[in-house]
Amino acid sequence: MQIRRNVQAQAARSTAKSVSRSVRHVDSPIGTRPTTGDHSDTADNAYNPVIAAIIELCKANGLAYVDETSNPDADNNRILTVRANGHEVKAIISPVTHTTRLSDKPSFTVMISCVIDKPAPGLMNFAALGMWNRYAALMSTVLVDDQLIIFAKFTIYEKSDDYVRAVFAPMACSAVWLAIGMAHYLSDSSPNAYDFLVSGQIDNPSKWFGLSDEQMQANPSIDPALFKEAADLSVEQGHEADADEQGLIARFEWNPRPTTLADFLFDGHSDDDDDDDDDGFYRSEWQDEDGPRWLKSKDDELDEGKSTILIQIDDQHQLYGKGLLAQIRFKIEMDTADLPEFVNDLNRWELESDDLPPFFGSWCLDPDFAAPAYIMFIPAIFASYVTPFSLLSWAWGRHEALKELLNLERMD
């Protein structure tokens, strides 16, 4: 299928090389209360707040780590390896060597990843992973050839230090912490993630994921007014949106769009675009009035030609308790037999692309429709690091990037 080949082509560039490093198992204890520590005066902080924060996370929680920056195999990357429970979680920082869509200034990507050494056999297929990723919390699980990899990823642009310290550094620490438990649960142990998919039951989830029972039952500290503010801003930009004290819903069209990501984040549109419509939007050359044909479906429960964005307080995630849930859902015309591999291809695309919104979730099989969906769950203890507006802007950016990717089929 052409659409899947296009996604695969985007994802195939040296995927394994970026995350597959030699594994040296060193057991280290992990507690059930992640402590970030104070990294404001750390020497590395001026160079990279993310690395500094992860180092302090390790020190505060007794986790073994190795800074591999001097490694000749690092390919100009900054690599920090965290070791616990027989697994290695790597923070890999790589300079972006090309001009991106969003900035012509120097930037770099940060990837938190772990290669599962001995994965549970039942997970080594696309259908099982498509279901497992419905429960994604900051980390995606992707199958690359014969390797099972978990990862989160984001790009840092120039002069964004305040945002890095306030959002990316603590989110990266949260991803490292959750990856340690997830790596063990995805391994060929008993019980494991495949057992959970089969039975729908998990005993003592705090044992696996490093969160205490109290943390799992805590309510997310989200100001309900922020949902309405995010929805109102989305409406100002020409999108459908509504909100209440529990969350918000927005719909982004697959035809009209703001001229740039900045137009969604800030007021104003380009004054020199000859194709501007009266409402401030324009249509790019490859878009037609009806939108991409694969967004058509006989199912009327999702809107035609739109992505539905849902951000809400979730009362009870089966693995992580209470927290904040974000979803992107849309119609797609595709043979259902192809969907599981297509979902994995989308996660590979996220793994290999430099210029996408922060990836703290996963593409998965939509639990209600024959379609892919994007799921991001933030446990309550970490939910204060992001705002509904941040999640909505990331969802809009992912909607736009996916729109361009899927239209490769038409352009070809």
Please report the shortest heavy-atom distance between I311 and L391, naming the atom on each side.
CD1-CB, 3.7 Å
What distance separates I149 CD1 from C114 SG, expressed to the nearest 0.5 Å?
9.5 Å
Mark yes or no for whether D195, through its side chain, and P191, through its backbone, hold a donor-acceptor pair below 3.5 Å.
no
Does the ring centre of Y135 sit less than 6.0 Å away from the ring centre of Y320?
no
Applying side chain to side chain contact (heavy atoms under 4.5 Å, CB included) to Q312 and Q246, what does each step give before you reach the verdict?
CA-CA 6 Å; Q312 66 180 108; Q246 290 296 309; 5.6 Å; no
Atom CE of M111 and atom CG of N77: how far apart are they, to the nearest 0.5 Å?
8.5 Å
Let me know which of I112, V176, I93, D67 forms a side-chain contact (heavy atoms from CB on, under 4.5 Å) with L80.
D67
Give me the atom names and distance for the closest heavy-atom approach of S174 to Y385.
OG-CE1, 3.5 Å
Would you please test K331 and F369 for side chain to side chain contact (heavy atoms under 4.5 Å, CB included) and show each step?
CA-CA 8 Å; K331 288 185 176 183; F369 305 100; over 6 Å; no
Within the structure provided, determine whether F382 and P170 are in side-chain contact (heavy-atom separation under 4.5 Å).
no
H399 and its ring pair (Phe, Tyr, Trp, His ring centres under 6.0 Å) partner, picked from W394, F252, Y374, F330:
F252
Audit row: V89, S113, side chain to side chain contact (heavy atoms under 4.5 Å, CB included) steps and yes/no
CA-CA 6 Å; V89 178; S113 66; over 6 Å; no
Pairwise side-chain contact, D188 with P119, heavy-atom cut-off 4.5 Å (strictly under)
no
Counting distance only, does the side-chain N/O of K228 pair as donor-acceptor with the main-chain N or O of E245 below 3.5 Å?
no
Using modelled atom types only, decide if a donor and an acceptor are shared between the side chain of N61 and the backbone of L63 within a distance under 3.5 Å.
no
Side chain proximity check, L324 to F377, heavy atoms < 4.5 angstrom
no
Tell me the closest heavy-atom pair linking L351 and V142, and the distance in Å.
CD2-CG1, 4.4 Å
Rounded distance (nearest 0.5 Å) linking atom CE of M376 with atom CG of L325:
10.0 Å
Any donor-acceptor pair under 3.5 Å linking the side chain of D232 with the backbone of V235?
no
D366 and R329 ion-paired at < 4.0 Å
yes
4.5 Å side-chain heavy-atom contact, T155 and F108
no
For the backbone of S212 and the side chain of Q215, can you confirm whether one donor and one acceptor N or O come within less than 3.5 Å of each other?
yes
Would you say the rings of Y163 and F168 are close, in the sense that their centroids are separated by under 6.0 Å?
yes
Of the non-hydrogen atoms in A380 and N219, which two are nearest, and what is the gap between them?
CB-C, 4.1 Å
Beyond-backbone contact of Q318 with Q201, side-chain heavy atoms, under 4.5 angstrom:
no
What are the two closest heavy atoms between L197 and A128, and how far apart are they?
CD1-O, 3.4 Å
Using modelled atom types and a 3.5 Å cut-off, is there a donor and acceptor pairing between side-chain atoms of N85 and backbone atoms of H184?
no
Roughly how far, to the nearest 0.5 Å, is CG of L346 from CG of L405?
7.0 Å
Side-chain contact, heavy-atom cut-off 4.5 Å: S362 with I375?
no
Which heavy atom in L248 sits nearest to a heavy atom in A231, and how many Å separate them?
CD2-N, 4.3 Å
Q327 and R134, any side-chain heavy atoms less than 4.5 Å apart:
no
Taking atom types as modelled and ignoring hydrogens, do the side chains of T81 and K90 form a donor-acceptor contact shorter than 3.5 angstrom?
yes
How long is the span from the CD1 atom in I150 to the CG atom in L148, to the nearest 0.5 Å?
8.0 Å
Verify the neighbour count for atom OH of Y194: are there more than 12 heavy atoms of other residues, nucleotides or ligands below 6.0 Å?
no
Taking NZ, NE, NH1 and NH2 as the nitrogens, is one of them in E350 or R398 under 4.0 Å from a carboxylate oxygen of the other?
yes
Any heavy-atom pair between the side chains of V50 and F154 that's under 4.5 Å?
yes
Aromatic plane relationship, F151 with F359 - under 30° parallel, 30 to 60° tilted, over 60° perpendicular:
parallel
Go through the steps to decide whether I249 and T308 satisfy the test side chain to side chain contact (heavy atoms under 4.5 Å, CB included), and finish with yes or no.
CA-CA 7 Å; I249 186 170; T308 298; 3.9 Å; yes
Backbone of A230 reached by a side-chain donor or acceptor of S234 within 3.5 Å:
no
Aromatic rings Y185 and W132: how do their planes relate, parallel, tilted or perpendicular, breaks at 30° and 60°?
tilted
Below 6.0 angstrom between ring centroids: does that apply to F342 and W363?
no
Check: A337 main-chain N/O paired with D335 side-chain donor or acceptor under 3.5 Å
yes
d(N344 CG, F126 CZ) to nearest 0.5 Å is 5.0 Å
Please name all residues satisfying side chain to side chain donor-acceptor pair (under 3.5 Å) with T387, sequence neighbours left out, ordered by chain then number.
S390
